[in-house]
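Take a look at the structure set out below.
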Amino acid sequence: MSITASKVHEVREITRIERIGAHSHIRGLGLNDSLEARNVSQGMVGQFRARRATGVILEMIKEGKIAGRAVLLAGQPGTGKTAIAMGLAQSLGSDTPFTLMAGSEIYSLEMSKTEALTQAIRKSIGIRIKEESEIIEGEVVEIQIDRPVTGVGAKIGKLTLKTTEMETIYDLGNKMIDCLMKEKVQAGDVITIDKATGKISKLGRSFTRARDYDATGPQTRFVQCPEGELQKRKEVVHTVTLHEIDVINSRTHGFLALFSGDTGEIKPEVREQINMKVSEWREEGKADIVPGVLFIDEVHMLDIECFSFLNRALENEMAPVVIMATNRGITKIRGTSYKSPHGIPIDLLDRMIIVPTVPYQEAELKEILKIRCEEEDCEMSSDALLVLTRIANETSLRYAIQLITTSSLICRRNKTTEVSVDDVKRAYSLFLDENRSSQFLKEYQDDFMFYENEEHAMETN
């Protein structure tokens, strides 16, 4: 019994807990080397023209030369606009800043709308700062640590390091001895010591010491003994966003403000000084600007003031590529009585390249549902998947995706491993879609309070 318990505990430690989200199955845009969209790849299905267009934008961002371009993803609800944006973020990797926000977010923040947009824009611009540091890199030959007999007093020691060409003995102070003990450095390890900070990093064990032990753990990394001089100059690259530099320079707490979230409004003078300093670093070759992506979902929720600000912000050389998404047709621009396509002013629309998304075909819906079943660890029979595809075609893809987990729970309740057609039908009968909910309201309108459609009909008559 104790052996079983220990095994269960071991499994729990090894298992990595991951949250399953609406777009957690997306790994990229699913394009080949010539930017052609594959049928099913990296979690993406269909939308070939939209994906190819986004692939061109991806290459443009990777070049890093063009800033302040605006892209609009426009299409019906449930046509994969956010999925394409998430695919773009995955394709860019972690080095390129990608900021995701919803259009309604700026109204809930405790700062002005323009400040919220400015912070979002500056979060989307990375600064790659290069600095040279002196390091000592070599293989540990011997460590000698002398402790006082009384146990009281400073420890002293000697560290012998070698490369393929030379060997040197270094005297160790108390702090360095503690660092070596903390890192569990022993003879045969290849280490680096930063001369400025005294930080010790263990690179691995030397290949010449591979036979010292009969058995080594899978995490043991073997490296070659360093060549040349022990002391070297090494270039270290740090990537930060402009917003992080703003916060560090405008708050008394410095970088701690980034963790507390208490960024508040930042003075324009601070930003101007930072922009000047970054320009100096660029001219001296100390830093590179990495223009990232600002993705604004539900962009029709922004008002005329925000659109005017974006118009001006896009002209700045310190602007990222702004990608927006909307599912609106011709509608009112928020804050005005004027109508315009997608609820966006014409002068801003002129600056955009518009990428349309189209409704999915039945075969594409089936592939998406299949991918989601794999993502949610749900085993579904081919007949059940076919029924779910028809439901998605008649109602919406989002509704059908919601039925995957509920059908799986019903299946588990019935003590079966594979979701059957009956399980999907049971979930379909329990949870209404939009059309059946509207039908229900029409049938029982007298039993509900404030049925406005009837009042509107009486007013028109």
Side-chain angles (χ1 to χ4, degrees), residues 50 53-54 56-58 60-61 66-77 79-86 88-89 97-125 241-243 246 263-268 271-272 275 289 291-357:
T54 313
V56 174
I57 295 157
L58 170 68
M60 187 173 81
I61 296 160
I66 301 167
R69 295 297 174 97
V71 182
L72 179 68
L73 295 170
Q76 299 168 25
T79 50
K81 296 181 292 296
T82 310
I84 289 169
M86 294 305 290
L88 177 67
F98 186 93
T99 309
L100 190 138
M101 68 177 291
S104 54
E105 246 179 74
I106 59 164
Y107 303 108
S108 58
L109 298 170
E110 293 178 0
M111 60 181 80
S112 67
K113 290 176 282 189
T114 52
E115 174 65 21
L117 283 170
T118 305
Q119 288 193 14
I121 286 167
R122 289 176 80 86
K123 277 178 190 173
S124 310
I125 301 164
T241 65
L242 266 179
H243 175 66
D246 292 346
T263 54
E265 295 208 8
I266 296 162
K267 291 177 183 176
R271 288 199 174 112
E272 281 172 24
N275 289 350
I289 290 178
V293 177
L294 170 61
F295 177 65
I296 307 173
D297 205 358
E298 307 294 333
V299 73
H300 53 264
M301 291 300 292
L302 298 181
D303 60 16
I304 192 70
E305 293 166 17
C306 296
F307 287 128
S308 301
F309 176 80
L310 278 175
N311 240 338
R312 177 68 189 88
L314 286 169
E315 292 174 353
N316 196 334
E317 62 172 13
M318 288 284 202
V321 174
V322 181
I323 297 178
M324 309 175 193
T326 180
N327 55 22
R328 297 294 167 95
I330 295 169
T331 185
K332 275 186 184 178
I333 303 165
R334 188 165 177 165
T336 71
S337 57
Y338 300 104
K339 286 187 178 180
S340 130
H342 313 295
I344 299 168
I346 302 294
D347 56 340
L348 184 57
L349 274 174
D350 287 343
R351 291 175 182 268
M352 294 180 177
I353 45 175
I354 301 171
V355 178
T357 56

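No experiment lies behind these values; they were computed from the predicted model shown. Both backbone and side-chain heavy atoms feed into the values below; hydrogens, waters and symmetry mates do not. The residues of the chain are indexed from 1 along the displayed sequence.
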Worksheet item: Quick one: side chain to side chain donor-acceptor pair (under 3.5 Å) pairs with a partner in residues 337-355, sequence neighbours left out?
Response: Asn311-Asp347, Asn311-Arg351, Glu315-Arg351
Discussion item. Any non-hydrogen side-chain atom of Ile106 less than 4.5 Å from a side-chain atom of Ser112?
Written reply: no
Worksheet item: Looking at CG of Leu302 and CD1 of Ile333, how far apart are the two atoms once the value is rounded to the nearest 0.5 Å?
Response: 12.0 Å
Worksheet, complete the sentence: Sorted by chain and residue number, the side-chain hydrogen bond (donor to acceptor under 3.5 Å, both in side chains) partners of Glu115 (sequence neighbours excluded) come out as Gln119, Arg271
Worksheet item: Which is it for Ile354 and Leu349 under the side chain to side chain contact (heavy atoms under 4.5 Å, CB included) test, yes or no, and what are the steps along the way?
Response: CA-CA 8 Å; Ile354 301 171; Leu349 274 174; 4.1 Å; yes
Discussion item. Donor-acceptor pair, distance only, cut-off 3.5 Å: does the side chain of Lys81 make one with the backbone of Thr357?
Written reply: no
Item to complete: Please say which of Ile84, Val71, Ile323 ends up in a side chain to side chain contact (heavy atoms under 4.5 Å, CB included) with Val355.
Response: Val71
Discussion item. Please report the interatomic distance CE(Met324) to CG(Leu294), rounded to the nearest 0.5 Å.
Written reply: 8.0 Å
Discussion item. What's the separation between atom NZ in Lys123 and atom CG in Leu100, rounded to the nearest 0.5 Å?
Written reply: 11.5 Å
Worksheet item: Going from NE2 on His300 to CZ on Arg334, what distance comes out if it is rounded to the nearest 0.5 angstrom?
Response: 9.5 Å
Practice prompt. For Thr118 and Phe309, work out which heavy atoms get closest and say how close.
Written response: OG1-CZ, 3.1 Å
Worksheet item: Just wondering, more than 12 heavy atoms not from Ile330 lying within 6.0 Å of its CD1?
Response: no
Discussion item. To the nearest 0.5 Å, what is the distance between CD1 on Ile121 and CG on Leu242?
Written reply: 11.0 Å
Discussion item. Using every non-hydrogen atom in the two residues, find where Phe307 and Gly343 come nearest and quote the distance to one decimal.
Written reply: CE1-O, 3.5 Å
Worksheet, complete the sentence: Minimal heavy-atom distance between Ile125 and Pro97, with the atoms involved, is C-CG, 4.0 Å
Worksheet item: Given the rule in the side chain to side chain contact (heavy atoms under 4.5 Å, CB included) test, do Ile344 and Met352 qualify, once you have shown the distances and angles that lead to the verdict?
Response: CA-CA 11 Å; Ile344 299 168; Met352 294 180 177; 4.2 Å; yes
Worksheet item: Does any N or O in the side chain of Arg69 come within less than 3.5 Å of the main-chain N or O of Val321, such that one atom is a donor and the other an acceptor?
Response: no
Practice prompt. Please tell me if the side chains of Val293 and Ile57 come closer than 4.5 Å, counting only heavy atoms from C-beta onward.
Written response: no
Worksheet item: So, for Ala319 and Leu314, which heavy atoms are closest and what is the spacing to 0.1 Å?
Response: CB-O, 4.2 Å
Worksheet item: Would you say the side-chain atoms of Ser124 pair up with the backbone N or O of Ala120, donor to acceptor, closer than 3.5 Å?
Response: yes
Worksheet item: At their closest point, which heavy atom of Ala85 faces which heavy atom of Phe98, and how far apart are they?
Response: O-CZ, 3.6 Å
Discussion item. Distance check, rounded to the nearest 0.5 Å: Leu117 atom CG versus Met111 atom CE?
Written reply: 11.0 Å
Worksheet entry | Closest non-hydrogen atom pair between Tyr107 and Asp303, with its separation | OH-N, 3.1 Å
